[in-house]
Amino acid sequence: MELAPLLPIAYRILQPTFPNCLWRGNLHTKTIALTFDDGPHPQYTPQVLAVLDHYNVKASFFWLGACVNHSPTIAKAVSDRGHWIGLHGYNHRSFTRLSPQDLKESLEKTQTAIYNACDILPVKVRDVRPPNGLFTPKTLTLFRQWQYRPVMWSVVPEDWVRPGVNKVVQRVMKQVQNGSLIVLHDGACGGQDVAATIQILIPHLLQNGYNFVTVDALWQQGNTKK
């Protein structure tokens, strides 16, 4: 069963229910954020970087700590280009299945991996996207207690099941609007097609007048609830 048709409905329900998460940017400006989960990957992430370099686009990457430890040079290449870095847990285990202590350790181990690879202080890596978008009110309470910022999504084309490059592009273009927060994947699931996808997608979005910004810029815009 494809989840793609249900995800816009889920977004419309969840976004007003959990307004302290970042679901989108300002609806009054033509800025969007392109984000990538599950990396860095030794093959797919460099392919993504090449496309982003070509179009001079800044993106945001939500990393798994285990993947950072496996590919520290790739992680450094992403960071050196000025892309925004966030946390996705250490090994993609659902946050809802972790004890508070295990969740805290997962995030801190990922911060340590990023510091070792990129020399970015843990205090500067505070954005967290839960694997599979799964969280509970308790998860959000813990994030707030530990001073993390929860980042969600408004456009999820379900690229991880590999429906085809054109299908992913069509789904994004159908849903995108001012402030959209788009989720793609550069890891083991979905990363095979991601460079080809953004090679088509980025020019389409630029032609439609959208400007690409990082997740941090969306936070700074404010008015994310309107």
Side-chain angles (χ1 to χ4, degrees), residues 2-16 19 21-39 44-62 78 81-86 127 129 133 149 151-187 189-226:
E2 286 195 347
L3 296 175
L6 303 177
L7 291 170
I9 299 171
Y11 163 75
R12 289 194 292 271
I13 295 171
L14 292 170
Q15 190 271 334
C21 302
L22 182 68
W23 295 92
R24 67 183 184 213
N26 194 321
L27 289 173
H28 303 293
T29 62
K30 282 190 81 73
T31 53
I32 56 177
L34 187 60
T35 71
F36 300 91
D37 289 1
D38 296 356
Y44 308 139
T45 303
Q47 294 172 353
V48 167
L49 287 179
V51 180
L52 297 176
D53 285 350
H54 178 77
Y55 291 102
N56 194 29
V57 164
K58 290 291 183 283
S60 303
F61 291 78
F62 289 84
V78 174
R81 285 165 168 78
H83 300 294
W84 191 251
I85 309 301
D127 287 329
R129 176 178 282 149
R149 302 190 299 186
V151 177
M152 302 304 173
W153 41 266
S154 63
V155 179
V156 186
E158 203 183 14
D159 61 321
W160 64 88
V161 300
R162 301 188 68 191
V165 169
N166 290 333
K167 177 66 72 173
V168 172
V169 171
Q170 289 169 9
R171 288 172 176 171
V172 173
M173 295 305 300
K174 182 178 179 180
Q175 297 177 47
V176 71
Q177 59 180 314
N178 290 357
S180 284
L181 211 171
I182 303 166
V183 179
L184 297 172
H185 294 76
D186 64 329
C189 295
Q192 300 91 335
D193 300 326
V194 67
T197 297
I198 63 173
Q199 181 66 60
I200 299 171
L201 184 61
I202 289 175
H204 282 357
L205 292 168
L206 290 171
Q207 289 165 13
N208 279 271
Y210 289 108
N211 296 312
F212 291 87
V213 299
T214 65
V215 161
D216 188 52
L218 292 191
W219 280 113
Q220 293 178 30
Q221 284 178 3
N223 297 324
T224 58
K225 304 174 191 176
K226 298 179 181 180

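Residues Ala217 and Val213 come closest through the heavy atom pair CB-CB, 3.7 Å. The two residues Ser154 and Ser180 make their nearest non-hydrogen contact at OG-CA, 3.4 Å. Residues Ile32 and Gly179 come closest through the heavy atom pair CG2-N, 4.2 Å. When every heavy atom of Tyr55 is checked against every heavy atom of Pro203, the shortest pair comes out as OH-CG, 3.2 Å. Between Asn178 and Thr29, the shortest heavy-atom distance links the atoms CB-O, 3.1 Å. Between Ile182 and Leu205, the shortest heavy-atom contact is CD1-CD1, 4.4 Å.
Side-chain contact between Asp186 and Gln47 is absent, with no heavy-atom pair separated by less than 4.5 Å. Val168 is listed as a side-chain neighbour of Leu184, based on a closest heavy-atom distance under 4.5 Å. Side chains of Val183 and Arg129 form a contact here, defined as non-hydrogen atoms less than 4.5 Å apart. His54 places none of its side-chain heavy atoms less than 4.5 Å from the side chain of Ile198. Using a 4.5 Å cut-off on side-chain heavy atoms (C-beta onward), Leu181 and Thr35 make contact. Side-chain contact check for Val48 versus His83: every heavy-atom pair is 4.5 Å or farther apart. At least one side-chain heavy atom of Leu52 sits less than 4.5 Å from a side-chain heavy atom of Ile202. Looking only at side-chain heavy atoms (C-beta outward), Leu49 and Val78 come within less than 4.5 Å of each other.
Screening Phe36, Trp160, Tyr44 for a ring-ring contact (aromatic ring centres under 6.0 Å, His included) with His185, the sole residue that qualifies is Trp160.
Using modelled atom types, one finds no donor on one side chain facing an acceptor on the other under 3.5 Å when comparing Tyr210 with Gln177. Side-chain atoms of Gln170 and Asn166 form no donor-acceptor pair, as typed in the model, at a separation below 3.5 Å.
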Starting from the C-alpha separation in whole Å, work towards a yes-or-no answer on side-chain contact (heavy atoms from CB on, under 4.5 Å) for Leu7 and Gln175.
CA-CA 11 Å; Leu7 291 170; Gln175 297 177 47; 6.0 Å; no
Check step by step if side-chain contact (heavy atoms from CB on, under 4.5 Å) holds for Arg149 and Asp216.
CA-CA 10 Å; Arg149 302 190 299 186; Asp216 188 52; 3.0 Å; yes
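Taken to the nearest 0.5 Å, the CH2 atom of Trp219 stands 6.5 Å off from the CG atom of Asp127. For the atom pair Asn211 CG and Lys30 NZ, the distance stands at 9.0 Å (nearest 0.5 Å). With rounding to the nearest 0.5 angstrom, the CD atom of Gln192 is 4.0 Å from the CZ atom of Arg162. In this structure, the separation between CZ on Phe61 and CG on Asp37 is 10.5 Å, given to the nearest 0.5 Å.
When the salt bridge (charged side-chain N to carboxylate O under 4.0 Å, His left out) test is applied to Arg171, the partners found at least two apart in sequence or on another chain are Glu2.
At least one donor-acceptor pair closer than 3.5 Å links the side chain of Ser60 to the backbone N or O of Val215. Checked by atom type and distance alone, the side chain of Lys58 pairs as donor or acceptor with a backbone atom of Arg81 at under 3.5 Å.
Using cut-offs of 30° and 60° for the angle between ring planes, the Tyr11 and Trp153 rings count as tilted.
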